[in-house]
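In what follows, a structure is listed as structure tokens, so that the remarks can point back to it.
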Amino acid sequence: MSVFTVEKTEENERLIEALVPYALEGQYSAGLEALDAQLGDEMRMNLTHEAARRIQDAHQGADNSEFAQYPVEKIEVGRFVCLLDRVGQKILNNALATYKNRFTVGVLEACLSQFRYQQVLQNDLKQKKQDAFSVPVVGYAQRKIENVALVPNYKVHSQHFLKGKNCTVVGFSSTLLLLEDDVKAEMKRAAKCNFVFPSIINKKQNTNILVYEFVDMVEKSPGLFLYRFYLSPSNAAEKKSALQKYIEQHTYVFPLMLEQEETRTLHSLERDLVVYNSPKVPIFCHRQDNQLTALAALMTEANQQYFPFWRKRDWFPSREHFNEFAKELFEKGHCIYLIGRVNQEGNRYDVCGSLRELVNLDALNRFVISCDPDSILVMQCHYQKISPEAISETLEHYSPEKSARVIIENVNSVVFCQNITPLLGRLVSAVDPGEIHVPDKFRVKHSQAIEQHIVSDPVNLRKESRFHFEDTFASVYTGKVTKLQAQVLDVSRHGLRLKLLTKRALRLKKHVRVTIKEIKLSRLKYKIVHYDPHSHEIRLKITTKYAYQTAGHLEKLFKENSVIFKERNIFRANKQTFDALFHLNVENHCLPILSLRSGVADYQRLSKLFYAGSADMFVGCEMIEDRINLSDHLSPLNSTNLESPFIHALTQMQRQNVVCLVYENGRIVKLDEEQLGESEYRDKITNQLLTGTCHLRYLTYLPILAERPMERLQNRNLALLSNLNREVALLAKGSQYDVTHSVIIEDLSAIFTVCLNYNILMK
């Protein structure tokens, strides 16, 4: 580098541009000191001369038409003519602003710099990507709308307004009162009126009279007038407090004003839709100290597809193991556990262990080798607390009966469990662990299996009503003489469910005869549909020969005692339990789900990201206020357009993954998933992970076709809006069909990091 030249690097260009404003004022020394006091003497001199050269007046115009990509226009700057396109004009305006509207050598070089031209194009494309792939982030909790105004179904009157005529309330908040009437009134602004409300705000009579001040009147339609009043400051503090409390308590009882209610309904419909299609099974639990008791597992059509074995309950750990996992859940908030079946020399037993515990005891490879590869299940769990306020609100809104209340009242936490085995494939150990024996502490004792209620939508499970009879006993005849005692669990017209009161394993024939004296059934022949040898629960179906006679007898019994059997109706109780637990599931969901809607361009299909956490999970993506920019995940890094093969693949039901290494200095390196399977890259990545210089982030985007939830769940969300405007409610219901996919975003970083470190392959 010569005496008066500066190497054109990004850092030097930044220093020169920062020095130019000082050079224009002739304050080179002050500028150099402001830049960096540690610059060498030679560098300081070179920067000074380069800045002085650039602020000199230029003696020619600019013509960048050789590399311009847009139509070129003739632009006059003082006495010079510049031939520039749209990008060149942007560069010219920025340079003139820097050089204080003087056409200098610096301005000329900026306009003729192809590097700067490409830089502007890249910045414009980057901004377009940020705008296109920026998604609104919304929470799962009920949408909070500021300045809510209720539309109650009652009227108010005042002797100072329309001579005491009753007027319909169409807007009612803590400060605002909107009245609607067909009579036009002439009132002065700020005129005070004492309005009498029904005895609803407070039982004390004096608090039902509130003072309002008139604001204005608008003619909504011919012959219909809207009057607006504000709450007067002269009201007592007690009245204001009672009014505020009343508004808060009735926010979900009365509909809001049309625009607010429509916003709330649309959010609730889409939120319920994506959660209903989630493959995660919420297990509602009761936490006491460091113990976690499973109460109920909520099953939907979507998560049943990912848990085809859910009826067997083999995917759920025993009490002992579940309490071990609970400690991890309380401490970390999430846990991965593995379940497998060992079959060695005719000795078969199940094993279950936490991923962290298996790693700590160096037993992971032994676990994988010992188990049948097809039997290994990997479950990822996330823990979430449920507030007492959420429980009381659910009980108030859904009013479940006694059997449902017993479960819901004891719930104070939920564990979201997902079967990630299909996302991983078969686990195969590539190393010899030496001893193959799995430690006994991971062995499952079936006698300690957890018994939790399985709650699924009863509409899809039963064609006829069932009634519970827990306080009734039956005699089951398995032969001519052999008789077993059983507890009656439920009865329907064509079926029975019993629990045999025996401790020994039984071998039952295809048919049995049952006697239940309380409902006058005597030695009726039933066919065995299912028998569980562990719980001794047996499901029976009436044979064809006696079906008509027995069904008629039971139907008559149910009708004659309808009041009693209404409380015993399992179908009704299950429906209430499902709806209440689904509400808790939605309100307390915390894991990310991206919804895609119908659209022409790929980026137009992004709808919302439902998420209640931080942006740390989405490595490389920036979250600003209530929006997150997913361009680093959804768009190719070097793409010159807004096409997204990533989103297109999701719409074709193809799972997509984002794999990257995050280094200590914040540098992020994206990887192809295939590189994790290649020995060259795998060994290099494993060494970096083991030395702690970086950590692996592995996110998988799992697309699921958006199936509409049950009709009654939709109608519950639409109920308040339908009271206001049925046409708007129907449009809101139809808007659900714009949502085509629910994309579940699962963080598999922990399991993939462990598999890399312990040389476990996924096939």
* Assert yes or no for the condition that the ring centre distance of Y701 to F646 is strictly below 6.0 Å. => yes

* To do: May I ask you to check whether H589 and F416 place their ring centres under 6.0 Å from each other?
  => yes

Can you label the angle between the [X] ring and the [Y] ring as parallel, tilted or perpendicular, going by 30° and 60°?
X: H382; Y: H334; answer: tilted
X: F582; Y: Y276; answer: perpendicular
X: Y698; Y: F752; answer: parallel
X: H633; Y: F618; answer: tilted

* Test applied, side-chain contact (heavy atoms from CB on, under 4.5 Å); reference residue, I538; option that passes from I528, L484, L489 -> I528

Within the 3.5 Å criterion, strictly below it, is a donor on [X] or [Y] matched to an acceptor on the partner's side chain?
X: T740; Y: R605; result: yes
X: H695; Y: Y663; result: no
X: S354; Y: E328; result: yes
X: Q418; Y: K280; result: yes
X: S413; Y: K385; result: no
X: S607; Y: E270; result: yes

* **Over 12 foreign heavy atoms within 6.0 Å of CD, E625** => no

* Would you say Q654 has more than 12 foreign heavy atoms packed within less than 6.0 Å of its CD? -> yes

* Please walk me through it: do S134 and N629 pass side-chain hydrogen bond (donor to acceptor under 3.5 Å, both in side chains)? -> CA-CA 4 Å; S134 179; N629 175 25; 5.7 Å; no

* Is there a donor-acceptor contact under 3.5 Å from the side chain of T421 to the main chain of V378? -> yes

* Whether R287 side chain and D289 backbone form a donor-acceptor pair below 3.5 Å -> yes

* Inter-residue atom distance L609.CG - L630.CG, 0.5 Å rounding -> 6.5 Å

State whether [X] and [Y] are salt-bridged, where the test is any N-O pair (Lys NZ or Arg NE/NH1/NH2 against Asp/Glu carboxylate O) under 4.0 Å.
X: R497; Y: D490; answer: yes
X: E622; Y: R627; answer: no
X: K670; Y: D632; answer: no

* Row check, Y531 ring normal vs R539 NZ/CZ: under 6.0 Å, within 45° -> no

* Asked: Going through the distances and angles, do E357 and K441 end up as a salt bridge (Lys or Arg N to Asp or Glu O under 4.0 Å)?
  -> CA-CA 11 Å; E357 194 171 14; K441 70 172 300 181; 2.3 Å; yes

